[in-house]
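Some notes on the structure that comes next.
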Protein chains: 2
Amino acid sequence: MALDHAILVSLLEKPGSGYELARRFERSIGYFWTASHQQIYRVLKRMEGDGWIDVRDVPQQGRPDKKEYSVAAAGRDALSAWLGEPIEPESVRHDLAVKIRGAAFDDPAALIGEVQRHRQAHTDRLAHYLAGEARDFPGHATAGPLDAERELQHVVLRGGIAYERMMIAWLEDVLATLGRFQAGH
Amino acid sequence: MALDHAILVSLLEKPGSGYELARRFERSIGYFWTASHQQIYRVLKRMEGDGWIDVRDVPQQGRPDKKEYSVAAAGRDALSAWLGEPIEPESVRHDLAVKIRGAAFDDPAALIGEVQRHRQAHTDRLAHYLAGEARDFPGHATAGPLDAERELQHVVLRGGIAYERMMIAWLEDVLATLGRFQAGH
DNA sequence: GCTTGCTATGCAACGAAGTGCATAGCAGGA
DNA sequence: TCCTGCTATGCACTTCGTTGCATAGCAAGC
């Protein structure tokens, strides 16, 4: 159950409301951890009850009021404890790989369109990452003091970039393989 | 809900019992889709009830009897229908990325051991994949007719290999980044 | 005035998935 | 003989995630 911890990290990076967290989970954090707003509100409520986070009512003009959450001492401790625990298996779920192996028992060429869509999605996401990197991490070798938050965000982003590049290359490989089964061969 | 379809694909590749499927989910298939034996038995029971798969009691000597499942016509149709549906988001869950960003608010260097463990696990898995490739797909350019099942299994395996290589390279990057925060700097 | 759309929060129900536990046959060794 | 360990199957409980729905404030346009 790392959604708790993903939310804690996000709130440490910047306090915010459930709604704002939901937006973040569509963007930056969402690229390595997904969550719906219903899930987020539920977890926020539980963590508030457990004293992991504090709430502050923030009146706004021109829009409904919001509840701004920030991490309490107990929440920091919980995060710290979790960071110390080993995590293991990285349970993987690649629907597309199941489909590709399944296509052997159907029409392999029928998957081409689907794979192309995925390649496009990964190409788009890569472009998005690279734009974010250029915007948030310009001037690669900064002379200033080490900023852990920034450096660690950057290395995670580089992981996302490496992942997308790998996927695009692999999907090209898949397309070439599927192409060999097209009508006429 | 692709566990159904992952099981169907596995049973099409080779009929087997729940226990055998559970073993496969620890090996080949398990590298892109994980499932416990409890899950597998539950889904088998449901699919049997829906007429997607057939059962055959197989007495064995020296060990308990088993139920061998194979895919029925309705199961093939269900798989075929699923193959035709677009799938989308590939919801990602990278615990380690959460930990890395969280480490900014704790001791970044404390994560080094954990990241090394992960690097080792990915290195082992890569070696396992490469051994499997050498065993099951020797003589890369076979002159024979196109074997869809074999070719598609191979391209999925190549995806696994690419993934592990990418992860190992990224984890090296992470270690280098974490190292800059060690005591003394 | 009405509708659309964004911000903002939440409940209820269901299905998927994970954890723990139970049973049973049989082999092999202490 | 008892214990360990592998094959083989399964139930019960709980947690997590998804889907559908509901409410409410306010702005902007028709």
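Given the structure is predicted, the values throughout are model-derived calculations rather than measurements. Numbered from 1 within each chain, the chains take letters A, B, ... in sequence-line order.
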### Residue-phosphate contact under 4.0 Å: B/R93 side-chain N/O, D/dG17 OP1/OP2
yes

### Task
Let me know the distance between CG of A/D57 and P of D/dA24, rounded to the nearest Å.
18 Å

### Query
Under 3.5 Å, is there an N or O donor on one side and an acceptor on the other linking the side chain of A/R42 and the base of D/dG17?
yes

### Task
Search all heavy atoms of A/A72 against all heavy atoms of A/D54 and return the closest pair with its distance.
CB-OD2, 3.7 Å

### Query
What heavy-atom pair brings A/W33 and B/H94 nearest, and what distance separates the two atoms?
CE3-N, 3.8 Å

### Summary
Taking every heavy atom of B/I87 against every heavy atom of A/R117, the minimum-distance pair comes out as O-NH2, 3.3 Å

## Note on the structure
Note: with side-chain heavy atoms under 4.5 Å as the link, the other cluster members for B/V58 come out as none

Show me the donor-acceptor pairs, under 3.5 Å and distance only, between side chains in residues 1-14 of chain B and residues at least two apart or in other chains.
| residue | atom | partner | partner atom | Å |
| --- | --- | --- | --- | --- |
| B/D4 | OD1 | B/R46 | NH2 | 2.9 |
| B/D4 | OD2 | B/R46 | NH2 | 2.4 |
| B/H5 | ND1 | B/M1 | O | 3.3 |
| B/S10 | OG | B/R24 | NH1 | 2.9 |
| B/E13 | OE1 | A/R101 | NH2 | 2.8 |
| B/E13 | OE1 | B/Q153 | NE2 | 3.4 |
| B/E13 | OE2 | A/R101 | NE | 3.0 |
| B/E13 | OE2 | B/Q153 | NE2 | 3.3 |

### Query
What's the CZ-C1' distance between A/F25 and D/dG17, to the nearest Å?
13 Å

#### Entry: Closest non-hydrogen atom pair between A/D95 and B/W82, with its separation
O-CH2, 3.9 Å

### Task
Take nucleotides 1-11 of chain C nucleotide by nucleotide from the 5' end and write B, S or -, depending on whether a protein heavy atom sits under 4.0 Å from the base, only from the sugar-phosphate, or from neither.
------BBBBB

### Touch class at under 4.0 angstrom, heavy-atom based, for B/Q39 against every strand present
sugar-phosphate

